[in-house]
Amino acid sequence: MSRVSEVTSLQNQRIKEMKERFKKEDLSDELKMQLMVQNMTQTLNDISQTLAIIADRK
């Protein structure tokens with residue numbers, strides 16, 4: 001699996017888990033926002049790591 005596919009797969013998995021958690025639990029809007037920000041932050045970290053891997057190859 002390519003690194004890009006890994007990042008995409010991880011992001012899709014995180015989104016799915018976040019949506020399931022939103023459905024199962026009665027979360028406040030503030031907590032939902034925190035979870036979404038965490039998800040976006042992790043995605044940006046994954047992208048940064050992928051770009052670093054690509055840069056190291058060149």
Name every donor-acceptor pair, under 3.5 Å, that has one atom in a side chain of residues 47-54 and the other anywhere in the protein, sequence neighbours excluded.
from, atom 1, to, atom 2, distance (Å)
S48, OG, L44, O, 3.0
Q49, OE1, R3, NH2, 3.0
T50, OG1, R3, NE, 3.4
T50, OG1, D46, O, 2.9

Between V37 and M40, is there a side-chain heavy-atom distance shorter than 4.5 Å? yes

If you define the side chain from C-beta out and look only at heavy atoms, does anything of Q42 sit under 4.5 Å from L10? no

Is there a side chain to side chain donor-acceptor pair (under 3.5 Å) between E17 and Q13? Walk through the geometry before answering. CA-CA 6 Å; E17 288 171 359; Q13 181 182 347; 3.0 Å; yes

If I compare all heavy atoms of Q11 with all of N39, which pair ends up nearest, and what's the gap? OE1-OD1, 3.5 Å

Determine whether more than 12 heavy atoms belonging to other residues, nucleotides or ligands lie under 6.0 Å from atom CE of M36. yes

Name every donor-acceptor pair, under 3.5 Å, that has one atom in a side chain of residues 23-31 and the other anywhere in the protein, sequence neighbours excluded.
from, atom 1, to, atom 2, distance (Å)
E25, OE1, R21, NE, 3.4
E25, OE2, R21, NE, 3.4
S28, OG, L31, N, 3.1

